[in-house]
Amino acid sequence: MSEVRVRIAPSPSGNLHVGTARTALFNYLFAKKNNGKFILRIEDTDAERTSQAYIDNIFDSLKALGLNWDEGPDVGGDYGPYTQSERFDIYPKYAQILLDKGFAYECFCTPEELEAEKEEATKNKKAYVYSKKCENLTEEEKEKLRKEGRKPALRFNIAKAQKAFHDSSILKFDDLVKGELHMDTDLLGDFVIMKSNGTPTYNFAVVIDDMLMKISHVIRGEDHISNTFKQILIFEALGAEVPRFGHLGMILAPDRSKLSKRHGATAVSEFVEKGYLTEALINFVALLGWSPSDGQEIKTVDEIAQDFRIGDVSSSNSIFEYDKLNWMNSHYIKMLPIEDLKERLKPYLTKYDLSELTDAQYTRMVEVTREPLTLLSDITDAVPYFFGGDKVEIEQKAQTEVLDTEVSQDVLKTFLKQAQDWNFDEETLHEKLEAFRAEYKEKGIKPKVTMWAIRAAVTGRTCGADMTAILAILGKEHSLARVKAAIK
RNA sequence: GCUCCCAUCGUCUAGAGGCCUAGGACAACACCCUUUCACGGUGUAGACGGGGAUUCGAAUUCCCCUGGGAGUACCA
């Protein structure tokens, strides 16, 4: 086999979708595993829907996921340009070749005529196939139409290509993930390869680019299967080597419909904004259709690449469920090096004045609050009581259920008295608090009730991080001021 | 409508004729740990869509049905 060259070819008509990210991942993994090249190509032939912001988003998202490309619009390569709109001058050349070889013909049909054909087909419950009305127009007829001001589109002659390279109308190919796939090309219909405005259609541009960029394997979603048959025929008509194809099942929403806005986030960047780690996202998405041979699901992209075989990928659709992604995200949050986590959490702490804490205090705060986080953004509501000095906002529940009780008041008074003499380092606090709880336990007060009183007074809440650590981070002065304020 | 693809616990999956009284992960539930919430630990429950066929033997092969998904553009 010659060099493995795969590509991801997103259309910048939206932010990078998780589905596209997964396709990109599988291409990347395949390239890695086979010492090949991973190429990024931007398919922006539809100027209407394209925007620079989307292009930037695609670049940024792919990079954030760690899916770095070897050739692409920004890094260049030997087969550029890698943006289709910059390649418009090369498509007509190949269209002309097909025209000369008789594999394409000019079509002067108007949208209205085409529409009528379609309606007729629907009425007769037949599959719509272009009538080939324009296949055999004479030069005079074409000239006449041209004089009327009609601009022709170019259609690919399916039957002619099929007959030239295959025995029957059935076209087959061996799919990398699904095995043999087949299609009766008589049902395909002569499709447009060059629009009347002179720009190529998707199916044509893709083939020309894949051919010129020497793409060896095309790995994409199964929504492209019917395109593949058309594309194979174009490759053959051009006398080009046909790449191998592999079609992945789709990612579906929990209701089994296409994953869309109404299901929540769809773009990688939206997941990131919500507080998902790209490491977790990419790991999760890898498990949609692929599973590790050693059963170890938490893996980096490079580790997955070692174990990856395209033939092992599941050919069925899979549903994008948040449960596992959330679990994985919290797992990654727990595993992240503390310095790294401290940085990544900062965007979600902007409502607080971080300068109130020393770096050591901030570190400790993150250490003791990271456990229950599912999303990075969960940190926002997990830490308000570390800020504000002597003052803390008391939640309703903490007031009525804890602070208003007699036991709590008693605990707080005793605590205030005793703690005056304590050193507020964690080690001391740990010992003293243990003794303190024991003291109350003797009186029949459960340890957790004792701690609840202190927690409610100091944090204004009924639950939160380890109490010893909180007191140490806050320091004696702030802690006791809060306790004092809670005593009636 | 037509064409194509797919089908194991709720979800992601392991399983390539006997190793399967179907394994794992997430979620659920129970218990344990515990200064709260969590984390963690230990368990429980939970699936081969249906019907035929082949075979000594089928989750695994074949056919039909059903269900789901996709395509059907001068969009990509």
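Lettering of chains follows the sequences in order, A, B, ..., and the numbering in each one begins at 1.
- Contact annotation for A:Asp44: no contact, since no heavy-atom pair falls under 4.0 Å across all strands.
- In this structure, A:Arg461 reaches neither bases nor backbone, as no heavy-atom distance under 4.0 Å exists between it and the strands shown.
- When heavy atoms are screened at a 4.0 angstrom cut-off, A:Arg256 is found touching the sugar-phosphate backbone but no base atom.
- Look at B:C29: its Watson-Crick or wobble partner, with both distances under 3.5 angstrom, is B:G43.
- Test A:Ile319, A:Leu252, A:Ile251 against A:Leu259 for side-chain contact (heavy atoms from CB on, under 4.5 Å) and you get one pass: A:Ile251.
- A heavy atom lying under 4.0 Å from RNA chain B marks the following residues of residues 281-301 of chain A, by number: A:Leu287, A:Leu288, A:Gly289, A:Ser291, A:Glu297.
- Nearest-nucleotide mapping onto RNA chain B: of A:Lys448 and A:Lys324, the residue sitting toward the 5' end is A:Lys324.
- Residues forming a side-chain contact (heavy atoms from CB on, under 4.5 Å) with A:Asp223 (at least two apart in sequence, or on another chain): A:Met250.
- When both pairing distances are held under 3.5 Å, B:C4 makes a Watson-Crick or G-U pair with B:G69.
- Nearest approach of A:Arg370 to A:Leu336, heavy atoms of both residues: NH2-O, 2.5 Å.
- Using a 4.0 Å heavy-atom criterion, one finds that A:Gly249 contacts no nucleic acid atom at all.
- A:Lys230 forms no cation-pi arrangement with A:Phe156, by the criterion of a distance under 6.0 Å to the ring centre and an angle within 45° of the ring axis.
- Residue contacts for A:Ala465: at a heavy-atom cut-off of 4.0 Å it reaches a base atom on one of the strands shown.
- Bounding nucleotides for the chain A contact on RNA chain B, 5' to 3', at a heavy-atom distance below 4.0 Å, are B:G1 to B:A76.
- Side-chain atoms of A:Thr380 and A:Ser377 form no donor-acceptor pair, as typed in the model, at a separation below 3.5 Å.
- Between B:U54 and B:C64, the distance separating the two C1' atoms is 15 Å to the nearest Å.
- The aromatic ring centroids of A:Phe59 and A:Trp69 lie less than 6.0 Å from each other.
- For A:Phe204, the ring-ring contact (aromatic ring centres under 6.0 Å, His included) criterion is met by no residue, not counting sequence neighbours.
- Sorted by first and then second residue, the pairs that involve residues 181-193 of chain A and meet side-chain hydrogen bond (donor to acceptor under 3.5 Å, both in side chains), not counting sequence neighbours, are A:Tyr105-A:Asp190, A:Lys132-A:Asp190, A:Ser169-A:Asp184.
- In terms of modelled atom types and a separation under 3.5 Å, the side chain of A:Asn329 and the main chain of A:Gly275 share a donor-acceptor contact.
- The residue A:Met467 sits close to a base: some heavy atom pair falls under 4.0 Å.
- Contacts of A:Lys334 with the nucleic acid, taken as non-hydrogen atoms under 4.0 Å apart, involve only primed sugar atoms and P, OP1 or OP2.
- Of the residues in residues 191-208 of chain A, those placing a heavy atom less than 4.0 Å from an atom of RNA chain B are A:Val192, A:Lys195, A:Ser196, A:Thr201, A:Tyr202, in numerical order.
- Counting any heavy atom pair closer than 4.0 Å across all strands shown, A:Asn124 reaches no nucleic acid atom.
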